[in-house]
Amino acid sequence: MAARFDCFSLTDMVAKPEDTIRLCSLTMADGQRVRGYRGDYFRLTMGDAISVVRMMLDIETGDEQLLGIDTHARSQCVWDCHVVRDLTPEGADEMSRRLLVGVDGCDHVATVDVLCAQVLPRLEVGDRLRLNMAAFPYRVAYSEGTCNPVIDSQEGGVLLEGVVKDAKVGETYLGMEPLTKFVSVTVSTSMGDVELCHSFDMVAEAQKDLVKVGSVVSAYCALSGDAAVGEYAAGIVYGEEQDLKLLQDVFAHGSAGRVGAITHSDAAFTFLANRQEGLDMAMSLLMVVCEDLTAAGLNTAVLGRIIGVDQTGENPPTYIPGKRCLLLGDKKGNFAFICYLQTDSLGRIKELVITNDSRYDVEPDK
């Protein structure tokens, strides 16, 4: 979705299908593996440019599928933002996402192709995320004077205008071999700083002297945001809270295959009186339960906690007040089931239970 090799003057590297395959192979062999819930990403730093390969496991065959390759920049421009709307095109692969995002205190919103999106447990409207930002222009212009920094999402791209905070000649390498040079400027916009990368040829001859700090830059571009930053730099994060957020997404969208990445090989899954042990059997039951809950209109999951427990009966409840859980029900807030889990020392799911045990008193998060 963000394969802009032209902005790094690297189009020769993907000129033919066999060239692209060669670069994908090199990225997977020498790059950093970033683990996602549905598949993995491989990220190769080539000087000031980055190539990112998307790989996904075919659940039916067990084979890994090469989905595509994207580009990014060695950027230090990080946005703390939130999801406004999902704009992922119909037919896009599961490892790609396009989102409309907003920033607190700013009226503008931006359409962003999110790299490494599957490192995040959930991307619903209102969810917060951090993105390392880069912009790749279709056209760009530099001028002098003042400007009102702005980002305006339009059909097919984003109109960006801001002041140049830093300007440099970016360089690409493979190992120690120099490849190309390009323009890399840090732009201050209404939503935050963005690293704008483009070839020298994109700048009009009369504007070349204006590629400097203090100039105004206007660009119609594609925005790219890498989600594998901060705690997610190496990929998915294990832990009860992240696991519960992932399960929220699974119950809402039926993407049960994502759970396998965070489930222990000896895991057990219990739904009412049906208990299945072992990863394969547990995952099979989870898929069936997701389908049944969706058919019954009970696939809305809300984070909550246990606030009280009735310890009467032959087999008293396992968990005490304070235990985190999911409340499963309909869109009107009528909850029919409680979902809680037990994790191992790494934060992977060791046991997952869905129950309607009335001895638990629960409340949703406010």
Side-chain angles (χ1 to χ4, degrees), residues 35-38 57 59 118-122 124 127 231-232 234-294 298-329 335-366:
R35 192 169 189 204
Y37 287 102
R38 187 64 182 86
L57 183 70
I59 296 177
Q118 282 282 350
V119 305
L120 303 175
R122 189 185 65 178
E124 294 293 325
D127 282 349
E231 64 178 328
Y232 295 102
I236 57 178
V237 175
Y238 300 105
E240 183 181 55
E241 197 69 16
Q242 288 86 356
D243 296 348
L244 288 172
K245 286 183 178 180
L246 173 66
L247 286 168
Q248 271 189 293
D249 183 76
V250 168
F251 290 125
H253 302 291
S255 50
R258 300 181 74 210
V259 180
I262 57 166
T263 304
H264 193 279
S265 58
D266 296 328
F269 177 31
T270 302
F271 176 65
L272 301 178
N274 189 345
R275 179 181 175 86
Q276 296 293 333
E277 299 182 353
L279 179 59
D280 291 341
M281 296 300 294
M283 289 296 298
S284 296
L285 179 56
L286 178 60
M287 291 180 184
V288 171
V289 170
C290 285
E291 293 175 358
D292 291 346
L293 290 176
T294 298
L298 299 175
N299 59 333
T300 297
V302 177
L303 285 166
R305 66 182 67 249
I306 298 171
I307 59 173
V309 183
D310 181 356
Q311 293 289 350
T312 60
E314 295 183 2
N315 297 304
T318 304
Y319 293 104
I320 61 174
K323 174 69 176 176
R324 296 290 281 159
C325 62
L326 287 178
L327 311 181
L328 304 178
F335 302 119
F337 300 101
I338 306 168
C339 172
Y340 56 81
L341 52 86
Q342 176 184 341
T343 60
D344 64 12
S345 59
L346 297 177
R348 298 175 299 180
I349 297 175
K350 182 72 173 177
E351 182 165 4
L352 191 154
V353 176
I354 298 178
T355 179
N356 59 359
D357 194 335
S358 61
R359 293 175 296 177
Y360 283 121
D361 188 13
V362 297
E363 70 174 7
D365 288 353
K366 297 180 180 179

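Throughout, numbering of the chain's residues begins at 1 and tracks the sequence.
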| said: Strictly distance-based, threshold 3.5 Å: is any side-chain N or O of Glu351 a donor or acceptor partner for the main-chain N or O of Ala268? | reply: no
| query | Are any side-chain N or O atoms of Arg258 and backbone N or O atoms of Pro121, one a donor and one an acceptor, separated by less than 3.5 Å? | reply | yes
| Are the side chain of Asn274 and the backbone of Phe271 linked by a donor-acceptor contact shorter than 3.5 Å? | no
| query | Between Lys323 (side chain) and Leu341 (backbone), is there a donor-acceptor pair under 3.5 Å? | reply | yes
| field | Distance (rounded to the nearest 0.5 Å) between His253 NE2 and Glu124 CD | value | 3.5 Å
| Shortest non-hydrogen contact between Ala301 and Leu328, atoms and distance | CB-CD2, 3.5 Å
| query | What's the shortest heavy-atom distance between Asn299 and Phe251, and which atoms? | reply | CB-O, 3.0 Å
| query | Where is the tightest heavy-atom contact between Ala261 and Gly36, given as atom of each residue plus distance? | reply | CB-O, 4.1 Å
| task | Could you grab the distance from atom CG of Asp357 to atom CZ of Phe337, nearest 0.5 Å is fine? | result | 12.5 Å
| said: With a 4.5 Å cut-off on side-chain heavy atoms, are Thr270 and Ile354 touching? | reply: no
| request: Would you name the heavy atoms of Val302 and Gln248 that are closest together and state the gap between them? | output: CA-NE2, 4.0 Å
| Any side-chain heavy atom of Ile349 within less than 4.5 Å of one from Ile262? | yes
| query | Hey, does Tyr232 have a side-chain heavy atom less than 4.5 Å from the side chain of Leu120? | reply | yes
| message | Can you confirm whether more than 12 heavy atoms, excluding those of Leu346, are under 6.0 Å from its CG atom? | response | yes
| request: Could you tell me whether Lys245 atom NZ has more than 12 heavy atoms of other residues or ligands within 6.0 Å of it? | output: no
| query | Under 4.5 Å between any side-chain heavy atoms of Arg324 and Asp365, yes or no? | reply | yes
| task | With the side chain counted from C-beta on, respond yes when Leu244 and Glu240 share a heavy-atom pair under 4.5 Å apart, and no when they do not. | result | yes
| query | Roughly how far apart are Arg305 CZ and Leu327 CG, rounded to 0.5 Å? | reply | 11.0 Å
| His264-Gln342 side chain donor-acceptor pair, cut-off 3.5 Å | no
| said: Could you check whether any side-chain heavy atom of Val250 comes within less than 4.5 Å of a side-chain heavy atom of Ser255, counting everything from C-beta outward? | reply: yes
| query | Which distance, rounded to the nearest 0.5 Å, do you find between the NZ of Lys350 and the OG of Ser345? | reply | 9.5 Å
| Aromatic contact, Tyr360 with Tyr319 (centres under 6.0 Å) | no
| said: Please identify which of these residues, Ile320, Val362, Asp361, meets the side chain to side chain contact (heavy atoms under 4.5 Å, CB included) condition with Ile306. | reply: Val362
| said: Whether the side chain of Arg35 engages the backbone of Val237 through a donor-acceptor N/O pair (distance < 3.5 Å, no angle test) should be reported. | reply: no
